[in-house]
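Structure first, then comments.
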Amino acid sequence: MKGQGRPRGRQKRLAALFPSGAGSAGTAARTPFVVLIVVLLGSGLITLLLLNSALNQGSFELSKLEKKTDELTDEQQALQQDVDAYSAPGALERRARRLGMVPGGSPAFLLPDGTVRGRTGPATSDGAPLSTSAEPSATSAAGHRAPAAPAVLSPTASGR
């Protein structure tokens, strides 16, 4: 009797593992899951393809903008060199002389108490340079101003 009970129990266990009538039902239950997985993988691949193409398009636009920036930087540097050339002391002097300007004479200074220090003179068109910024002036070399004859203007003399 023991020998007959064993095959039955074994058959039940095998039948539970491999149901004979549920083979088509198991395949039908798996079909939606497989379709879902395929759709998810396909949509993921399409999304990656779209993302990759958008990044490539952005990369091309970035390189085009960098090239434009380099061109504009070169143009800015060329314009800055032109401005520097026009603002150089020698160029300013040549343009001023073409306009008929002449170097000014020695300046006179009006002090806070109303006195005038220095004497002005007429401007002449001799070949003197407009500025001598490369050479120190006599006043800065000595450390003090040379004494000048002070001229005093009274309020009545100035026309007030």
Side-chain angles (χ1 to χ4, degrees), residues 17 22-160:
L17 289 175
S24 62
T27 305
R30 288 183 192 165
T31 303
F33 178 72
V34 170
V35 169
L36 175 69
I37 295 297
V38 169
V39 167
L40 287 176
L41 286 174
S43 63
L45 287 175
I46 290 172
T47 303
L48 284 175
L49 178 66
L50 292 175
L51 181 64
N52 191 16
S53 64
L55 287 174
N56 283 338
Q57 182 180 0
S59 175
F60 287 133
E61 187 174 341
L62 179 65
S63 65
K64 184 171 66 171
L65 289 174
E66 284 176 348
K67 183 178 178 183
K68 180 76 171 177
T69 301
D70 289 342
E71 290 172 2
L72 290 175
T73 301
D74 291 343
E75 184 179 350
Q76 179 196 14
Q77 288 176 352
L79 290 173
Q80 185 63 43
Q81 286 177 348
D82 289 345
V83 168
D84 291 342
Y86 281 122
S87 64
L92 287 175
E93 181 179 1
R94 282 190 302 275
R95 287 198 336 250
R97 288 197 187 270
R98 272 188 268 147
L99 291 173
M101 296 181 173
V102 294
S106 59
F109 299 98
L110 181 62
L111 299 177
D113 61 353
T115 60
V116 177
R117 176 164 282 185
R119 287 205 175 143
T120 61
T124 60
S125 62
D126 60 357
L130 286 176
S131 66
T132 57
S133 60
E135 299 174 9
S137 64
T139 59
S140 63
H144 56 81
R145 281 191 264 198
V152 178
L153 292 178
S154 64
T156 57
S158 65
R160 288 190 205 176

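On a predicted model such as this, the values are computed, not experimentally measured, just so you know. Sequence positions, counted from 1, serve as the residue numbers for this chain.
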Next item on the list: Output, in order, the C-alpha distance, side-chain angles, deciding distance and verdict of side chain to side chain contact (heavy atoms under 4.5 Å, CB included) for Thr73 and Thr69.
Entry: CA-CA 6 Å; Thr73 301; Thr69 301; 4.1 Å; yes

Margin query: With rounding to the nearest 0.5 angstrom, report the OG1 to CG distance, Thr47 to Leu40.
Written below: 10.5 Å

Margin query: I want to check something: taking the side chain as every heavy atom from C-beta on, are Leu79 and Gln76 in contact at a cut-off of under 4.5 Å?
Written below: no

Margin query: For the backbone of Leu111 and the side chain of Thr115, can you confirm whether one donor and one acceptor N or O come within less than 3.5 Å of each other?
Written below: no

Item checked: Glu75/Leu72 under side chain to side chain contact (heavy atoms under 4.5 Å, CB included): CA gap, chis, key distance, verdict -> CA-CA 5 Å; Glu75 184 179 350; Leu72 290 175; 3.9 Å; yes

Check: Does any non-hydrogen side-chain atom of Arg117 lie less than 4.5 Å from one of Pro107?
Finding: no

Margin query: To check you understand the geometry: which heavy-atom pair defines the closest contact between Ala108 and Thr120, and what is its length?
Written below: CB-CG2, 3.4 Å

Next item on the list: Could you check Val35, Leu41, Ile37, Leu36 and say which one makes a side-chain contact (heavy atoms from CB on, under 4.5 Å) with Val39?
Entry: Val35

Note to self: For Pro103 versus Arg97, what's the shortest heavy-atom pair and its separation?
What the structure shows: CG-NH2, 3.7 Å

Margin query: Counting neighbours of CD on Gln57 that are heavy atoms of other residues, nucleotides or ligands and sit closer than 6.0 Å, is the number greater than 12?
Written below: no

Checklist line | CA sep, side-chain torsions, deciding dist, call: Asp70, Lys67, side chain to side chain contact (heavy atoms under 4.5 Å, CB included) | finding: CA-CA 5 Å; Asp70 289 342; Lys67 183 178 178 183; 5.6 Å; no

